[in-house]
Amino acid sequence: MSSNDNDRSTSPGHMLRYRGGLGMAMWALHRVTGLGVLAFLLLHVVDIFLITFGEEVFNELLVIYTAPWARVMEVFLLFGVLFHALNGLRIAVQDFWPTAWLEEGRLIALQLTVFVIAFVPAAWLMLEPLFE
Amino acid sequence: MDVTFTIRRYQPEVRDDPYYEDFEFEAEPTDRVLDCLNHIKWQIDGTLAMRRSCQTGICGSDAMRINGQNRLACKTLLQDVGSEVTIEPLMGYAVIKDLVVDMDPFFDQFRRVKPFMMNEGSDPERERVQSQEERERFDDTTKCILCAACTTSCPVFWSDEDYVGPAAIVQAHRFIFDSRDDGTAERLRILDDAEGVWKCRTVFNCTKACPRDIEVTKAIAEVKQAAMWGRV
């Protein structure tokens, strides 16, 4: 069957054309945070690799991480790692706890509560030096 | 009430690209979306292409995106969706014309899970006896009408057409948990695959989209467990 209009696209704009609700929003954020953590890991591999060029080059790069904007980026990293980990645990619980599907709303509420309890104090501790 | 239907049109014999067209008319709040589409086709624009057959929620022909969510047009009342209604074809399959999509890939995945009774024993003298409890085990998944609302609501399916999809897993569930069927191991072998049940990301779009209220995500989770432990 030939057609010029396959209506198949993985672009975020295309996917937003479906109103999937909370479950889909959590899935989308899971993907975004996963990509963010992957990007950081690649950056991390690159900066560790720089030590092969000598101590000076390596230390010069590490100074970047002390900059205020880098601290803010690290808070984003914390957000990504924490959300991705907790959401992954929730999905695993739902997949292997036979009646967990009934608890979707409550499980998400529990996940977000744990997220806020862990994220807010940690983010404050990381950002506090910027306000001193 | 005055209603406006915004329909995603695709008329390959007229123009190459899809476009949206508005239709304004009067309707009753208790009219179904299908009644409105019939009105448009019969009274306003006969070129509108869509599928419908039984018009009573059994055949599954008229699944489409109504205000961004998959529904059956014949089971959706105007009073539940408002006076501004956007109608689009199911996502993920090639659009042939307007609201008609190519369902061949859907039925290819359906056939992959061998959706029929497989019994290796000798035929019984009268019938294959099953207790009420054994029947209850797969009752929910017998309700599927193959409308594709679940599969085409799945973000994983949109990005991977090789994914077997929720509808085929529901069909497999119906036989895997049927005590009269002997094909469980074969079906689990098919579904215990990266393009099988493990592709599911537990998004719940399928459960919300099902016009028969089948607990699709739960059925998929049960098949995941059966595939992991090798037993039902």
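Both backbone and side-chain heavy atoms feed into the values below; hydrogens, waters and symmetry mates do not.
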Around E128(A), counting heavy atoms of other residues, nucleotides and ligands shown, do more than 12 lie under 6.0 Å from its CD? yes
Give, for atom NZ of K208(B) and atom CG of L22(A), the distance between the pair rounded to the nearest 0.5 Å. 6.5 Å
Testing the basics here: between N205(B) and M24(A), what is the closest heavy-atom pair and its distance to 0.1 Å? ND2-SD, 3.1 Å
Highest number of heavy-atom pairs under 4.5 Å with chain A among N67(B), V197(B), D17(B) belongs to N67(B)
Using side chain to side chain contact (heavy atoms under 4.5 Å, CB included) as the criterion, list what pairs up with F107(B), not counting sequence neighbours. M103(B), F110(B), R111(B), L146(B)
Among all residues two or more places apart in sequence or in another chain, which pass the side chain to side chain contact (heavy atoms under 4.5 Å, CB included) test with P105(B)? Y93(B), D102(B)
Contacting region of M26(A) [heavy-atom separation from chain B under 4.5 Å]: neither
Inspect the surroundings of CD in E60(A) and state if more than 12 heavy atoms from other residues, nucleotides or ligands are less than 6.0 Å away. no
Please check if atom CZ in R31(A) has more than 12 non-hydrogen atoms from other residues, nucleotides or ligands closer than 6.0 Å. no
I'd like to know if the side chain of Y18(A) reaches the main chain of C154(B), judged simply by a donor and an acceptor atom lying under 3.5 Å from each other, with no hydrogens or angles considered. no
More than 12 heavy atoms of other residues, nucleotides or ligands under 6.0 Å from CE of M126(A): is that the case? yes
Side chain, backbone, both or neither: which part of W198(B) has a non-hydrogen atom closer than 4.5 Å to chain A? side chain
Among A209(B), G68(B), S153(B), which residue forms the greatest number of heavy-atom pairs with chain A at distances under 4.5 Å? G68(B)
Which atoms of N70(B) approach chain A - backbone, side chain, both or neither, heavy atom under 4.5 Å: both
Other residues, nucleotides, ligands: >12 heavy atoms within 6.0 Å of F76(A) CZ: no
Tell me, do R65(B) and R17(A) make a side-chain contact under 4.5 Å, heavy atoms counted? yes
Heavy-atom nearest pair, A221(B) first then Q94(A), reads CB-O, 4.2 Å
